[in-house]
Each structure stands twice: as C-alpha cells, then as structure tokens.
Asks: 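Pasting a structure here, questions to come.
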Amino acid sequence: MDTLIIVCQLILSLSILVVTHEFGHFLFAKIFGVKVPKFYMFFDPYFSIFKYLPDGKHEGADSEEGLSFCKYTDVEEQVFTEKLDVYNANPDKYVLLGKDPKVLSESFAEEVEIQKGKEVKVIKITRRVKCGFSLISYTRKPQPEGVESKSWWHNTDFGLGWLPLGGYCQIAGMVDETQSADKIMNKPVEKWEFRAKPAWQRLLIMIGGVAVNLISAPIIFGFVLYIWGDSYVSFSEAPIGLQYHEVMHEVGFQDGDQIVSINGEKVDSYKEIANTILLTDSCNVGIVRNGEPMQIALPREFFRTILSNDVEQLCAIRIPSVVDSVVVGSPAYEAGMLHGDSIIGVNGVHMVAYNEVTAAIRENAGKTISMVVVRADKSIDTLNINVSAEGKVGFSNVRPTEWVKVKSLEYGFFEAFPAGMEKGREMLVNYVKQLPLLFTKEGATKVGGFGTIAKIFPESWNWRIFWFNTAFLAIMLAVMNILPIPALDGGFVLFLLVEVITGKKIPEKFMEYAQLVGMAILLLLVLYANGNDVLRYLF
C-alpha cells in the first residue's frame with residue numbers, strides 16, 4: 001500500500017507537469033495562429049484511452065456525436081504532390097507514376113486537375129487513412145456549415161494515452177516525434193503552420209513549455225508557503241553539537257563540532273551546509289569545538305569523495321541519550337533503568353549522544369556492559385546490563401523534537417509569493433550547479449530514473465510535500481528540457497538560434513535526422529538512468 005501511494009503521487013505530479021509544459025507550447029502556438037491538431041497527456045501508440053473532439057465529427061470518422069466506445073475517432077490526411085497520367089481514359093481513376101504504381105479511386109482524390117492525354121505536372125492528392133482508435137471518445141455537435149468556431153480549442157483533439165511516459169502537443173507543420181519531414185514537405189506551406197511563421201515566433205513557441213514550468217514552480221512554492229508556511233531545524237542551536245559521516249571525520253571534523261559558517265557566510269540549516277559543501281569547489285568551514293572557534297579547510301573537489309562513498313547525510317544534530325520508556329522484562333528494566341535517566345557513559349567511556357550509546361550497545365551484543373546514568377534527582381548510578389544477541393537492551397530515547405529547535409515561518413498572502421520566487425530561484429541555481437556533477441565518474445553512477453524520483457515522495461500522502469516536490473520537479477523538467485539535445489525543446493531552440501543568427505533555415509530533412517539521433521540519445525539515457533535504479537535495488 002505504501003508503494004502504491006508513492007507511485008500515485010509520482011504519476012499525478014508528472015501528469016500535472018506534462019500538461020502545464022505542453023500547454024506552454026499550445027498557448028504560444030495559438031497566439032501566433034498555428035494549428036495544434038492533437039494535445040495529449042501520455043503517449044498513445046496504436047490507441048487512446050479517451051479522446052475529446054471539440055469540433056464535432058470528422059469527415060470519414062466512425063464516431064457519432066456524443067459519447068461513444070471503442071471507435072475510430074479521427075482520420076489522418078496525407079497530402080502529397082505527384083505526377084499523374086490518365087488511367088484507361090477514365091477520369092475517375094488515376095495511377096501514380098513511379099516504381100510502385102498505385103491506383104487511386106475517386107474517393108481518395110481531391111482538387112485533381114486533369115489534362116486528358118497529357119501528363120500533369122502538379123497535382124495535390126489527399127489520401128484519408130482511418131486511425132486513432134480510442135476506448136472512449138466524446139464528439140461535440142459540429143458547427144453549422146460555413147461557420148468556424150472562434151474557440152481556442154478549435155482544431156485540436158484532446159486525448160489521454162495509455163503509456164504514462166510524458167505527453168505531447170502536436171504542432172502543425174513542425175518536424176518532431178509525431179510527424180516526419182516527408183509527411184510535411186509533401187504538402188504546400190499553409191499560413192497556419194509552424195514552418196510558415198518567422199523564426200522569433202517559432203522560438204517563443206518552443207520555449208513556451210519551459211517558460212510555463214519556470215513560472216509555475218514559484219507560484220506553487222508561494223501557495224505552499226501561504227497555506228503551510230515553512231520550517232527548518234536550526235543547526236546553530238544544536239544542544240550538543242553535530243554528529244558527522246565518516247568522510248567528514250577523515251578531513252578533521254569531530255562529533256560535537258558546531259558548524260557556524262562556510263567561506264565566511266553564516267549557515268543555520270542542513271540544506272545550506274550540504275548544498276554549499278557539495279557545490280563549491282573548495283570550502284573553509286568555521287566551527288566551534290569545546291567553545292573554541294576553528295577553521296577546517298576541505299580538500300578541492302570534495303564532492304567526488306561524497307559521491308563515491310554514497311553519503312546521504314553529511315551531518316546531523318546530536319541528540320542526548322535520555323530514556324523515555326523502558327520495555328517491561330527487558331535487560332534495561334531488570335537492571336533498574338528508569339524514565340528520565342540520562343546516559344553519560346558506557347564501559348568507562350564518556351558519551352552523551354544517543355547514536356554513540358546505541359553504537360556501543362551493538363558492539364557489545366551478547367555481553368554485559370556497565371552504563372553510567374544521571375537520575376532525574378541528579379544522582380549518579382551505574383547499571384550492569386546484559387545486552388541481547390541482537391545488540392539491544394530495551395529502552396527508547398526521548399523524541400528528537402524535545403531537543404531540536406524547529407524554526408517556523410508564517411507568510412501572509414502578499415509575502416508568500418515573493419518568498420516563493422526566491423525559493424524557486426535558489427532551487428533553480430542549485431540544480432543548474434549540480435548538472436556538471438553528472439559528467440564526472442562519481443556523479444554518473446548517481447543518475448537515477450523514475451525510482452530515484454519516486455523516493456522524494458513520502459509513503460503516506462502529504463499535500464504539502466506533494467506540492468513542494470511538484471514545484472521542484474517543474475524546475476528539473478524545465479532545465480532538462482532546455483538542454484541542447486535534438487528531440488528536446490533545447491534542440492529546437494538551438495536550431496532556431498542558428499537560423500536567427502545566420503538567416504538561413506535548417507533543412508527539414510536534417511531536422512528529421514536530428515530528431516532520430518536525439519530520440520536515440522534520450523532512449524539510452526532513460527535506459528541508463530532506470531538501469532541504475534534497478535542495480536541499486538538489487539545490490
């Protein structure tokens with residue numbers, strides 16, 4: 001059940017982001033008068049789950065007005081120009097000249113000019129092919145003849161595919177994964193096509209999706225801050241300092257050290273500490289040890305050490321070992337441990353942090369240990385406790401919230417959105433800074449797919465975390481989509497910038513081949529990322 005909740009959160013979040021991203025392309029296309037034949041959430045190879053036809057029944061379609069089930073709901077028009085010759089002197093039948101002649105009946109031909117007994121140089125043929133099978137479809141009543149709808153939804157079929165790996169907005173006259181160059185180039189240029197528009201309009205259409213994602217992220221952050229506020233754990237007020245990962249010990253940190261600054265800038269939360277250390281080439285960390293200020297210089301490219309050692313948390317607040325409850329009949333109960341006891345030593349070694357005490361207990365599994373405790377009345381006692389074979393004695397520690405200071409921030413409506421913009425800007429900058437890490441040997445092994453993304457969602461539904469993660473994924477989607485890889489928006493933007501600079505349009509055929517290369521690259525990246533997830537799960 002927990003896994004199902006995570007999967008549902010992931011699918012819902014990505015669905016929202018895909019729809020808003022594609023709506024950005026749709027919006028600018030409609031502004032500049034470009035037709036959008038199809039707008040789909042998820043992909044629809046072979047069939048759709050649902051389709052909505054706002055313009056009424058298509059000519060040649062099987063669907064009727066209203067709701068229908070298991071029907072073909074549209075036709076695909078293939079328009080091409082060929083040389084024709086009269087076939088058997090019958091003006092109702094024609095034959096295409098070429099290596100593979102095809103007879104076209106009059107039902108397939110439109111706008112055909114015939115010069116009997118002579119070869120015709122230019123003829124437009126529209127071939128209608130039944131396609132677009134959908135399980136459920138809804139077809140609106142068509143407009144009266146001669147009346148064209150002024151709605152923005154006009155000329156667009158909306159649908160829900162069955163393959164939840166994204167979605168698409170099919171733009172007329174544009175070479176992409178939904179349309180080949182041959183299919184487009186065999187038709188004359190129409191004023192409502194993408195290719196008929198000036199470069200600056202095509203550029204805005206292509207960056208529309210990324211722009212909407214970048215705009216939506218701070219808006220979502222703003223609503224999150226307005227409704228739920230913000231909170232963070234204050235590391236500067238840790239009662240007994242911090243505890244550190246082994247890689248931090250190796251460069252000079254000791255448990256109990258309090259981090260107060262990095263490169264002269266004050267830090268107060270784990271996020272500030274982790275981001276700065278991971279994303280800064282070299283750091284001087286200001287600490288306080290036993291009341292004395294000190295500086296620790298981290299080695300250059302310390303991020304390589306962090307990544308290669310799979311460090312999930314560099315440091316955490318140390319929690320004092322104070323007994324909350326004792327299991328009746330356990331070794332701790334038999335030895336006389338009481339609620340409120342503060343543990344200050346095990347086997348003659350002074351220690352006060354809960355993680356140190358539990359580590360010492362595990363190391364002495366199956367043995368008897370002596371434990372020094374301070375009672376609630378301030379008296380000191382020594383307990384001899386038999387540790388179980390599993391390395392447990394049977395007590396629970398007080399909740400960390402009793403020791404850790406959580407700072408809460410509340411925002412009014414007009415305060416929340418500027419704060420949301422700042423949070424979005426900060427997250428965007430940090431994410432862009434992380435991209436170069438992916439091209440290192442250590443960083444490449446950390447690339448993950450859907451499994452890694454799913455881990456950011458909790459096992460129980462939490463709307464605050466859901467929307468916060470959705471805003472973060474909006475930023476991630478925008479950055480990844482603007483990368484200059486063919487088949488991504490960034491690839492189209494790169495080609496359009498070349499056109500703007502040189503004044504020469506990129507050939508459509510080249511665009512098609514670039515699309516194929518880009519799709520191959522993306523497929524390999526998806527397989528690699530999700531393969532890493534599988535390997536991490538198995539090993």
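Below, all heavy atoms of this structure are taken into account, side chains as well, without hydrogens, waters or symmetry copies.
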Asks: Determine which pairs satisfy ring-ring contact (aromatic ring centres under 6.0 Å, His included) with at least one residue from residues 423-443, sequence neighbours left out, and list them in order.
Replies: none
Asks: Is a donor on one side and an acceptor on the other found under 3.5 Å between the side chain of Ser137 and the backbone of Ser134?
Replies: no
Asks: Taking the six-membered ring where the residue is Trp, are the ring centres of Phe413 and Tyr226 under 6.0 Å apart?
Replies: yes
Asks: Can you check side chain to side chain contact (heavy atoms under 4.5 Å, CB included) on Val251 and Phe302, steps first, answer last?
Replies: CA-CA 10 Å; Val251 295; Phe302 186 55; 3.7 Å; yes
Asks: For Asn355, does its backbone N or O pair with a side-chain atom of Gln243 as donor and acceptor, under 3.5 Å?
Replies: no
Asks: What are the two closest non-hydrogen atoms of Val36 and Thr156, and how far apart are they?
Replies: O-OG1, 2.6 Å
Asks: Can you tell me which residue pairs pass the salt bridge (Lys or Arg N to Asp or Glu O under 4.0 Å) test with a partner in residues 443-455, sequence neighbours excluded?
Replies: Asp310-Lys446
Asks: Can you confirm whether Glu246 is buried at CD, in the sense that more than 12 heavy atoms of other residues, nucleotides or ligands lie under 6.0 Å from that atom?
Replies: yes
Asks: Who are the ring-ring contact (aromatic ring centres under 6.0 Å, His included) partners of Phe50, not counting sequence neighbours?
Replies: none
Asks: If you count every heavy atom of other residues, nucleotides or ligands that lies below 6.0 Å from Gln313 atom CD, does the total exceed 12?
Replies: yes
Asks: State whether the side chain of Glu265 and the backbone N or O of Ile262 hold a donor-acceptor pair below 3.5 Å, judged by distance alone.
Replies: no
Asks: For the side chain of Asn530 and the backbone of Val526, is there at least one donor-acceptor N/O pair under 3.5 Å apart?
Replies: yes
Asks: Specify the closest pair of heavy atoms between Gly264 and Ser261, including all atoms of both residues, with the distance to one decimal.
Replies: C-CB, 4.3 Å
Asks: Should the heavy atoms of other residues, nucleotides or ligands under 6.0 Å from CE of Met476 be counted, would the total exceed 12?
Replies: yes
Asks: Please list all pairs meeting salt bridge (Lys or Arg N to Asp or Glu O under 4.0 Å) that have one or both residues in residues 273-287, counting only residues at least two apart or in different chains.
Replies: Asp281-Arg300
Asks: Mind checking the NZ-NZ spacing from Lys51 to Lys38? Nearest 0.5 Å is all I need.
Replies: 4.5 Å
Asks: Taking it one step at a time, do Ile287 and Val260 satisfy side chain to side chain contact (heavy atoms under 4.5 Å, CB included)?
Replies: CA-CA 5 Å; Ile287 66 168; Val260 293; 5.8 Å; no
Asks: Considering residues at least two apart in sequence or located in another chain, which fulfil the ring-ring contact (aromatic ring centres under 6.0 Å, His included) criterion with Phe466?
Replies: Trp461, Trp463
Asks: Answer yes or no: are there more than 12 heavy-atom neighbours, outside Lys433 itself, under 6.0 Å from its atom NZ?
Replies: no
Asks: Does anything in residues 203-232 pair up under salt bridge (Lys or Arg N to Asp or Glu O under 4.0 Å), and if so which pairs, sequence neighbours excluded?
Replies: Asp230-Lys423, Asp230-Arg464
Asks: Before giving the answer on side chain to side chain contact (heavy atoms under 4.5 Å, CB included), spell out for Cys315 and Phe235 the whole-Å C-alpha distance, their side-chain angles and the decisive distance to 0.1 Å.
Replies: CA-CA 10 Å; Cys315 57; Phe235 270 38; 4.0 Å; yes
Asks: Tell me, which pairs form a ring-ring contact (aromatic ring centres under 6.0 Å, His included) where one or both residues lie in residues 198-225, sequence neighbours left out?
Replies: Phe32-Trp200, Phe221-Phe468, Phe223-Phe417
Asks: What residues, two or more places apart in sequence or in another chain, satisfy ring-ring contact (aromatic ring centres under 6.0 Å, His included) together with Phe450?
Replies: none
Asks: Does Glu426 use its side chain to pair, donor to acceptor, with the backbone of Glu422 at less than 3.5 Å?
Replies: no
Asks: Tell me every residue that passes ring-ring contact (aromatic ring centres under 6.0 Å, His included) with Phe472, counting only those two or more places apart in sequence or in another chain.
Replies: none
Asks: Considering non-hydrogen atoms only, spot the tightest contact between Thr305 and Ser308 and give its length.
Replies: O-OG, 3.2 Å
Asks: Provide the full list of salt bridge (Lys or Arg N to Asp or Glu O under 4.0 Å) pairs with a residue in residues 517-536, sequence neighbours left out, each pair given once.
Replies: Asp533-Arg536
Asks: Walk me through whether Ile49 and Ile136 qualify under side chain to side chain contact (heavy atoms under 4.5 Å, CB included).
Replies: CA-CA 6 Å; Ile49 294 176; Ile136 305 172; 5.6 Å; no
Asks: List the residues meeting side-chain hydrogen bond (donor to acceptor under 3.5 Å, both in side chains) with Asn469, not counting sequence neighbours, and say none if there are none.
Replies: none
Asks: Do the side chain of Ser216 and the main chain of Asn213 share a donor and acceptor less than 3.5 angstrom apart?
Replies: yes
Asks: Is a side-chain donor or acceptor of Asp44 paired with a backbone partner of Phe47 at a separation under 3.5 angstrom?
Replies: no
Asks: Do you know the tightest heavy-atom contact between Pro484 and Leu494?
Replies: CB-CD2, 4.1 Å
Asks: Counting only heavy atoms not in Tyr528, do more than 12 sit closer than 6.0 Å to its OH atom?
Replies: yes
Asks: Anything under 30° is parallel, anything over 60° is perpendicular, the rest tilted; go ahead and classify Tyr168 against Tyr40.
Replies: parallel
Asks: Check the surroundings of atom CD in Glu402: do more than 12 heavy atoms from other residues, nucleotides or ligands lie under 6.0 Å from it?
Replies: yes
Asks: Can you tell me which residue pairs pass the side-chain hydrogen bond (donor to acceptor under 3.5 Å, both in side chains) test with a partner in residues 482-501, sequence neighbours excluded?
Replies: His21-Asp489, His25-Asp489, Arg202-Glu499
Asks: Under a 3.5 Å distance rule, please check whether Glu415 uses its side chain to pair with a backbone N or O of Gly412 as donor and acceptor.
Replies: yes
